[in-house]
**Q** 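My questions will all concern the structure given below.
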Amino acid sequence: MQATLIGLAVLIAWMFYLNAVVRERFEGQRFTIPARVYSEAQELYAGAPLSADQAQVLLEQLGYRTAGRIDQPGRYQRSGQTLRVHTRGFNFWDEVEPSRILVLDFAGDSLQSIRDISNNPILLARLDPLFIGQVYPGNREDRLLMPLQVMPPTLVAGLIVVEDRHFFEHHGVSITGIARALWANVTSGSIEQGGSTLTQQLVKNLYLSPDQTLWRKGNEALMALLMEWHYDKATILEAYLNEVYIGQQGQRSVNGFGLGAQFFFGTPLPALDLHQQAMLVGLIKGPSYYNPRRNPERALTRRNLVLRLWYESGIIEQLDYQQAINQPLDISTAPGQASFPAFMDLVRRQLAEGYRKDDLLAEGLTVFTTLNPLAQSGLERAVERRMPAIESAAGPGEPLETAALVSRPSTGDVLAMLGGRRPEVAGFNRALDSRRPVGSLMKPAVYLAALEQGYTLASPVSDAEVTVSGADGNLWQPRNYDKESHGTPLLIDALSNSYNQATARLGMEVGLANVFDVIDRMGIDETPPPVPSVMLGAHGLSPYQVAQFYQTISGNGFYTPLNAIRAVVHPQQGVLQRFDLSVEQRFDPEQVFLLQDALHQVTLTGTARSLQWRLPQNWWLAGKTGTTDDNRDAWFAGYSGDRQAVVWVGRDNNGTMALTGSSGALPIWAELMAELAPIQERRGQPARVEYLHVNPVGAVVPARCDDARSLPFIKGTEPQAQRRCNADGPASDLIDNEVEKPSIWERLFN
Amino acid sequence: MGTFVQLIRPVALIVSAALLLAGCVSQPGPSERMIQQEKRITPDLDSSAPVLPKSPVDNLRLQAQAAQAEGNWDRAAGLLERALRLDSREADLYAEIAEVRLGQGRFVDAEQIALRGLTVNSGNEERSARLWYAVAQARSGQGNVEGARQARAQACEFGRCE
């Protein structure tokens, strides 16, 4: 009697403990869901710079499937230049994009028109974004939470029929189920059959180990009873549907029907067809054994068995049953997602500034990033295509490596990033962490400092040999790449031809302090050592820092911080953080206009003139090559329209290459730009800037002169006097007050 | 073996009850989403003067105006920034984002964005005036009287003298 009482007391205490366990997990955060990271979404509108091929590649990447009928979200058809897409819709941070059928007509490189199924034009739509993974890789459960009311009723009823047909009658445990299981276990001599109700399965998955022990089974039954006592059937069912383990992808475990539908069919759960629903329900018995991608025949048999049960239980009609069992498995070849380790590394670092790791692992946050799948795949392809030829031209040595970054000058969005030659490898992220001398990429800072000090693009600069004695007494004697001096070129030509001697002399004339001030304002987050050689790039920067530097040039003199994240959304609290457009004026926009013109000259006649044949001649491009001592680094940084890219090529062991910026990095840049085909329109000419014709010594001459060229000047800085065509010598000697008046045609067209 | 009716009844009950409740939960159901979307596509502007957007940028701009009219600054800014990513050459968008920042009292941001807008504008005096006017207001908001005066003079030069 006493023993019984003690036993009862222990049981009661134990029940209290279990009760606390059950409630704590169910009342609080029921599931730990790692933050999901998404790419930028593709905008669709008439005139969008998107070809039919690009759109199709993107749809495939997103896991859309080509199909005879597009009656389901996540399907598309292509005929020639027309794509019919049944979009999935998406809950963005700023807007809910509905699922709908879109008819997209393309011509060449752009989307011509976009209509709905009734042929009504649609102004703007966007595809769902690409899932690019979790912030922290690891063995994690992943799921897309779905409320019960959006789940297909046949799936819910069908699950009950297959897994626990007395779900609505029992109180957590099924006596008959246990008896049957016991009998089976006794007769077989081991514990094989569970006889578990859905509630028990849920309890086991949420709280207990998978061991098949009597102690565990006892706890499971008690907790199931407690759970049913506290919560109604709908709550338990919803939790089960979101909890259940359904598949595996590497270390990531796919849980819940919501994610399962996306993972196997590329279609949101509410839109699944019967045969697809039956496959998901069938998977619960053995996600690995019945994996439809690995074991399609086994999976098909299992699915049809489930369908038969549904038909026999009256969940589906005979006609539906017949149709469903005749369907193929209908599994997407790959889950619609991609992995970009280098970019994710940047996202992780940026998130770490504002979020705790625990929250990122558990809170179910959604992170909307700036990654543009087309830019990223364009960059990866450009490297893949161009690297073999560059490698063979580089000569013997350790294999070449590369790092690159594509950004949007107007906003600072990082659109694509490569941390190494093999994009799929998460390792040393050269785009962020390598520090390599930048060579001539630094020169624009010297020229911008000169423009700020009153120089013009037409100012003559001596390219004679130069010797600078440093503060430490050392002499610095930079030499031109071709070991020759080039007389007295105009400032614009000294930059476009990347003359070291002219640049060093100009920098010393302008003053080191002024040059360093410009470098600082460009937005590099560190201070280079104050030595003159930095002017020619004898200082290591990462491609990311270089991109930030050039953003200020492509951003018309405004510093725009590079940014990888657009918004962070909490499942209950909504938008936690938005990254607004942020700009800060650092330079006079007119002076930057002149610098941009000089960088354009680089691509016409300077060190990057090969762009004239590598890309369409009517494209407006601006950029700068960079090559370091003994050809250890090849760089190209440049922009066109609203796309900027920085490319570095070199060896990890810092070995030499038979390459320069224009032969090593520029081919990749050009290939990438050809792929991106940005909108080609140069920034408008500022009101304070005018174009004048000058001769080779920088004096203003009539436009008709043979060697006259048109250069932009800020009003008030232009050379005052105008001279005859054939005049030479210093401008001050030969001021011509009686130069011929321009003809009416010249006045009209100049 | 239970019949279908036995099985489906509780499920149907749950599902229908849940659908009834759907209006109260934060995540709208698909049909409701459609309706919300339709509402957004057709901005609630003055019905006597219907403005039909011609381009996606105009469409977003109209929606932003509607959001602004409701004091929903974040949404307005988000829509305008989305438009800017479609076409970064539109100086008007910078003016409008700057005006949103003014409305939010974010004067430093407003000034910078308006100045940035001036660098993409070429020749259009009305736009220049609008951007300089925004600069003037932003500077006033920061207490920069002299800077505001200069910006106002610029706006006036382009035809907006207030």
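So you know, we letter chains A, B, ... as the sequences are listed, proteins then strands, and number each from 1.
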**Q** Name the option with the most non-hydrogen atom pairs under 4.5 Å to chain B; the candidates are A:E238, A:R578, A:E590.
**A** A:R578
**Q** Heavy-atom pairs under 4.5 Å with chain B are the metric here; pick the option from A:A48, A:G574, A:P49, A:G555 that has the most.
**A** A:G555
**Q** Is it the side chain or the backbone of A:Q685 that comes within 4.5 Å of chain B heavy atoms, both, or neither?
**A** backbone
**Q** Please state whether the side chain, the backbone, both or neither of B:L86 comes within less than 4.5 Å of a heavy atom of chain A.
**A** both
**Q** What residues of residues 130-143 of chain B sit under 4.5 Å from chain A when only non-hydrogen atoms are counted?
**A** none
**Q** Please check if any side-chain donor atom of A:E584 sits under 3.5 Å from a side-chain acceptor atom of A:S582, or the reverse.
**A** no
**Q** How long is the gap from CG on B:L80 to CG on A:L581, to the nearest 0.5 Å?
**A** 10.5 Å
**Q** Ion pair present between A:R566 and B:E81, side-chain N to carboxylate O less than 4.0 angstrom?
**A** no
**Q** Name the region of A:D413, side chain, backbone, both or neither, that has any atom closer than 4.5 Å to a heavy atom of chain B.
**A** side chain
**Q** A:R126 versus B:R82: any side-chain heavy-atom pair under 4.5 Å?
**A** yes
**Q** Quick one: what part of A:F579 sits under 4.5 Å from any heavy atom of chain B, side chain, backbone, both or neither?
**A** backbone
**Q** Less than 4.5 Å apart, any side-chain heavy atom of A:E97 and any of A:T87?
**A** no
**Q** Give a yes or no answer on whether the side chain of A:Q551 reaches the backbone of A:P561 with a donor-acceptor pair at less than 3.5 Å.
**A** no
**Q** Would B:R75 and A:E95 pass as an ion pair if we require N to O under 4.0 Å?
**A** yes
**Q** Which heavy atom of A:P678 sits nearest a heavy atom of A:R643, and at what distance?
**A** CB-CG, 3.7 Å
**Q** Any side-chain heavy atom of A:Q585 within less than 4.5 Å of one from B:E111?
**A** no
**Q** Would you mind reporting whether A:R100 and A:D116 have side-chain heavy atoms less than 4.5 Å apart?
**A** no
**Q** Pick one of side chain, backbone, both or neither for A:P409, based on which atoms fall under 4.5 Å of a heavy atom in chain B.
**A** backbone
**Q** Using a 4.5 Å cut-off on heavy atoms from C-beta on, say whether the side chain of A:L237 contacts that of A:F167.
**A** yes
**Q** What residues, two or more places apart in sequence or in another chain, satisfy side-chain hydrogen bond (donor to acceptor under 3.5 Å, both in side chains) together with B:T119?
**A** A:N556, B:R116
**Q** If the contact rule is any heavy atom under 4.5 Å from chain A, which residues of residues 87-101 of chain B qualify, in numerical order?
**A** B:S88, B:R89, B:Y94, B:I97, B:R101
**Q** Taking side chain as everything from C-beta outward and backbone as N, CA, C, O, which of these in A:I679 sits under 4.5 Å from a heavy atom of chain B? Side chain, backbone, both or neither.
**A** side chain
**Q** Checking side-chain hydrogen bond (donor to acceptor under 3.5 Å, both in side chains) for the pair B:Q150/B:Q154: CA distance, chi angles, key distance, verdict?
**A** CA-CA 6 Å; B:Q150 285 170 6; B:Q154 288 278 2; over 6 Å; no
**Q** Of all residues at least two apart in sequence or in a different chain, which pass the ring pair (Phe, Tyr, Trp, His ring centres under 6.0 Å) check with A:W93?
**A** A:F368
**Q** Highest number of heavy-atom pairs under 4.5 Å with chain A: which of B:L118, B:I113, B:V120?
**A** B:I113
**Q** Can you tell which part of B:S128 gets under 4.5 Å to a heavy atom of chain A, answering side chain, backbone, both or neither?
**A** neither
